[in-house]
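Scope of the values below: all heavy atoms of this structure, side chains included, with no hydrogens, waters or symmetry mates. Note that the structure is a prediction, hence the values are computed from the model and not measured.
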Amino acid sequence: MLHPVLIERMLQAALQTGGDFADIFVEDKVSNNLTMLGGTVENALSGRNYGVGIRILKGSFSVYAFTNDFREENLLKVATSAAQAITGTPGNHTIDLRKTTLDNEHVIHLMPNDVTKKQKIEWMRRAHEAGKNYDPIISQTEISYNDYTQNVLIANSDGLFVEDSRTRTRLGIRCIASDGPEKQAGYFAPGAHAGAEFIQDMDIEWYAREAARSAKTMLHAGYAPSGKLPVIIDNAFGGVIFHEACGHGLESTSVAKKASVFADKVGEYVASPLVTAIDDGTIANEFGSSRIDDEGARTRRNVLIENGVLKGYLIDKLGARMMNTESTGSGRKESYKFAPASRMNNTYIAAGDSTPEEIIANTEYALYAKYMGGGSVDPATSEFNFAVNEAYIVRNGKIEEPVKGATLIGTGIETLKNIDMVGNNLSYGQGMCGSVSGSIPVNVGQPMIRVSQMTVGGRKGE
Amino acid sequence: MDVKQFQERLFQEGKELGFTDMEVYYSRSSSTNVSVFKKEIDTYTIKESGGLSFRGVIDGKMCYSFTEKIDENSIKILLEEAKSNAEVLESNEQEELFSGSESYAEVKTYAEELASTSPKELIDAAQLLEQIASEADPRITLVNRVGVSTSEGETMITNTKGLSCHSRYTIASARLQVVSEENGSTTSGYDFAYTTDHFEDLDIPKLAQRAVENALSQLGSASVKSAQYPVILRYDAASDLLATFTSIFSGSAVEKGFSRLAGKLNQQVAGSNITIVDDPLMEGTMGCTSFDAEGMATKKVEVVKNGQLQTFLHNRKTAKKAGVESTGHASKDGYRDSISVAPHNLFIQPGEHSLDEIVSVIDKGLLITDLDGLHSGTSPISGDFSLSCRGFYIEGGKITKPVYQITVSGNMLELLNQVEEIGNDLRFMGRINSPSLRVSSLAISGL
C-alpha cells in the first residue's frame, strides 16, 4: 500500500521535532451497500475509502493528522506539519521496519466481491418475502445489505510493520406493522467478521419472520409500567447493559484521566459475585474481532471482572503510557480519519448456572426484556440508558402480556451489584458502537440475567 | 490530477461507456482541533479530507458510486461500479439530473478571518476555557474533553446538464465537560458553542460558565416519584427531541410508509400555537446554504403553520412521486451518501414568554434540561419516546431541587398537540432548534 522506504521517511519527518514515537495507519477500504424497500432495490452504492493517518506521541501528548492525497511530497508535508505541534529536542531515531506476518484466525470463505450483486439481492428478497408474508399487518419492509473489506497497514517507529485485512458482512431486516395511524417496527441486523458465506449460511427467513412477529406483537401491546422494578434481560443483544453500564467506563480514555467511576477500583467488588465479564477480540469471525487492533497490537482476551471483582481495563497505547502499564490490544478506530482510542471488541458477561426457565419460574413480578436496542452512558457519572424493543410482564413465574418498549436506566456499579441471577445461555448480538474514535463494529453478549431493580421508563403506573 | 481535470475525464469516459447524463459532487474540508488537559495540550488533530461522488444515468436508471482517491485508476472504478449498481436497481421511477435554478440567494458562509485562525489562537482559547472552568468553583473536580476547533471546506456540484454550483464554509467550535462533586454526589455538565464568522464570538468565558453551571446545579440530584407531571422541555432538550423526529416531515419517509403524517397534508397535526419553519437563508446558522445537494436553490419554507401541515420536505425524486415541486431539501451526508431528504435550518417559531415566566405557572412539575439515548429511546416510525433525562423539580412556580435517574415518555405527535406555552428563548445550536416548550402532561418514571 505504501513502500517501507517512504514510511520510514514519513516516520523520520514526524519525529524531527522531539516526538518519542510515531505511527502510520494506511487504509484502503472498498464497500458495497444495497437497500431494498418493499421488495424493490432502491439504492446501490459502492465506493472506496483511501487515506493515511500519522500520529506522533511525546509522553502523553498526541498529534494526529490525516490526508488522502498520497503524493509523496504531500505525505512528507503532512508528517512535517504535524510535527510542528511538538516542541522538544529531536532524539536520534533509527527506524528499522520489520514485517510481522499474522496467522489467519478469521478465515473468509467467500469474498463478497466474488458474489454477484444479483445473488446478494436474492438474499435480501428472501428476507423481504418472509417478513412481508408473515402477516397482512406487515405494511412495509426495509432490507439492507452491506459488506466491506478494509485493508490496513500499520507501521511505527519501534519497527512494527504489519498488514491486516478485515472483511465484514451484515444483513439488516426491518419490518413495519401498521394498523391505522399506529406503526411499530421490528429489527434484526446480524453481522460477522466474515465473507458472504455468513449470509449464505444464515437462516434468513427466521430473522425476517422474527422481526415481523416482534413488530406485530408490539403494535397491539400496552404501555410498559413506570418506576423501579425487577428486570429480566434476555441473552445476546441484552449484553448492551454491560456495554453501557460498565464497558465504556473501563476504557483508558476515561480511566487514565480518572473521568470514570471505575478508576482506581481494580481488586474491588464492582459487581455481584455472579458476574464475570470479558472482552475478547480474538473470537473467530465474530463481528468485533480482528487479528490486530488499529495500533498494530495483537487483540487479546481480557478478563474485566471476575466473580464481581474488577480485574482490569481496556487500554490503548496512549492509555498505557498514562497509566504506566501495557496495551491490552484495544486501540480501535473507524477509519484513518480518527486517532485510535481504547474501545471494546466482543464484550460479554460469561455464562452462569441458571437455566432461563429457572430464572423466569423464580420471579414473582418483573419486566422481561426480550429484545434490546442501543444505549449510551456518561462514564464520569456512570448514568446509563438503553432501549428495550420488545418486553413482557412476568407474573408468578410466568411470562404474560407483552408491553411496548421502554428505556431502562441506572448507574454502573449499583446496577451490576443488583444482578441476582445469571443464566447459562450465553450468546452474542452485533452493533455499531459510537465514541471518540468513530463508529466501530462490536459484539455485545450475555446469557439471560436478572437485575433486582432498575428504573423502567414506561408510561403506566403499576 | 486536480478535481476539474478528473471530472472532465470522467464525463468523457462515462459518455463512451453509455452514460447519458452524469454528475459529480465533490466536497473537501480541512480542520484543526486542539484539546487540552491539565494545562497541557492533550491532542492536536489536523484533518484534511475530500471525496467525490458520482451519479449518472444509464439505461434510464440513476446510479451512484464514490471515491476518496482522485486518480486515473478511480475513473474506471467509479464508472464500472456505478454501472454494475445500475444493473441491479429495480426502482422504476425516472430520475433526472437538474440543470440548475434561475437564481441563487447570496449568503455568507465563509469568513476569511475565521479560516486563517492560527493554531496558537486555538491553543490559547482551549487553555482559557479549561482554566476558567477549573477555577470557577472548588466543587469542580475535573475538566475534561476541552476542545477548540476550526474547519473550512467547499462543495462543488457539476453535471452534464449545465449545473454548476460551488460554495465554501468556515466554522469554529469549542466544547468541554465539567465534573463536580459534593457530599458523594457526582455530576457532569457539558456545553458547546460555535461560530461561522468571528472567532471571538465563541465567547469562551460564557461557555465555561454554562458548563460549570450545568454541573453544579445538578449536585445533590435525586429521583422523583413516578407519575404524570406537567413538563417544561428547556430549549436544548426540546431541540434534541424535535431533531430526532423531523423525519416525520420528510417526503422520503412518507413515500416509504415510515411517517405517521402521511395523508395529513393541509390538516391540523399540531396545536394551533405551533409554527415550524425551515429557513436555509439565515446567515450564521449551521444549515445556511443557497443550494441543496441536487443544486436546487433553497428558500424559506413553512412546514407547519398554526398547527396545519403545509408541506413535506422534498428532493426532486420524492417531489416527483408526490406530484409536487421540490422544496430544495435534497441532502447528502458528505460525498459518500446517495441523495436523501433533510431540513437545513428548521425551528419552532418562538413565543413571547421567558423560561422563568413559563416555570412560574407550574405548581408541581418538572423542567427537563438534558435528554440521553436519543438514538435508541425514540421511534420516529411510531412517534413514541422513552428517554433518560435530568432537570429540576418545580414547586409553587419555582425551581426547588435537581432531579436525575428519571425517564420521560410520550409520543411526539401527541406532544405537538399538548404544548401550552412556547418560550422566547430560541437558540440556533444545530440544524434543528426549538424554544422551551411547556407540555400539559408527560409520564415521568423514577422511584
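Only the side chain of A:Ile121 comes within contact range of chain B, judged by heavy atoms closer than 4.5 Å. Neither the backbone nor the side chain of A:Val388 comes within contact range of chain B; no heavy atoms are under 4.5 Å apart.
Look at B:Arg390 and A:Glu383 and you find a salt bridge, because one of the NZ, NE, NH1 or NH2 atoms lies within 4.0 Å of a carboxylate O, short of that distance. Ion pairing of B:Glu181 with A:Lys258 is absent here, as no side-chain N (NZ or NE/NH1/NH2) approaches a carboxylate O to less than 4.0 Å.
Of residues 373-389 of chain B, those residues lying under 4.5 Å from chain A by any heavy-atom pair are B:Gly373, B:His375, B:Ser376, B:Gly377, B:Ile381, B:Ser382, B:Asp384, B:Ser386, B:Leu387, B:Ser388.
Highest contact tally toward chain A, considering only B:Val88, B:Thr67, B:Thr186, is held by B:Val88 [criterion: heavy-atom pairs under 4.5 Å]. Comparing B:Gly410, B:Pro119, B:Ser74 by how many heavy-atom pairs each has under 4.5 Å with chain A, the most go to B:Gly410. Between chain A and the options B:Ser65, B:Ser49, B:Ala443, the largest number of non-hydrogen pairs under 4.5 Å is found for B:Ser49. Among the candidates B:Asp372, B:Asp71, B:Leu413, B:Leu261, the residue making the largest number of heavy-atom pairs closer than 4.5 Å to chain A is B:Asp372.
Listed for the A:Gln140 side chain is a donor-acceptor partner under 3.5 Å among the backbone atoms of B:Lys256. Side-chain atoms of B:Thr43 do not come within 3.5 Å of backbone N or O of A:Val63 as any donor-acceptor pair. Of the possible polar contacts, none joining the B:Ser409 side chain to the A:Arg459 backbone as a donor-acceptor pair under 3.5 Å is found.
Taken from CG in A:Asn74 to CD in B:Glu48, the straight-line distance is 6.5 Å, to the nearest 0.5 Å. From B:Lys69, atom NZ reaches atom CG of A:Asp69 across 11.0 Å, with rounding to the nearest 0.5 Å.
B:Lys47 forms no cation-pi arrangement with A:Tyr336, by the criterion of a distance under 6.0 Å to the ring centre and an angle within 45° of the ring axis.
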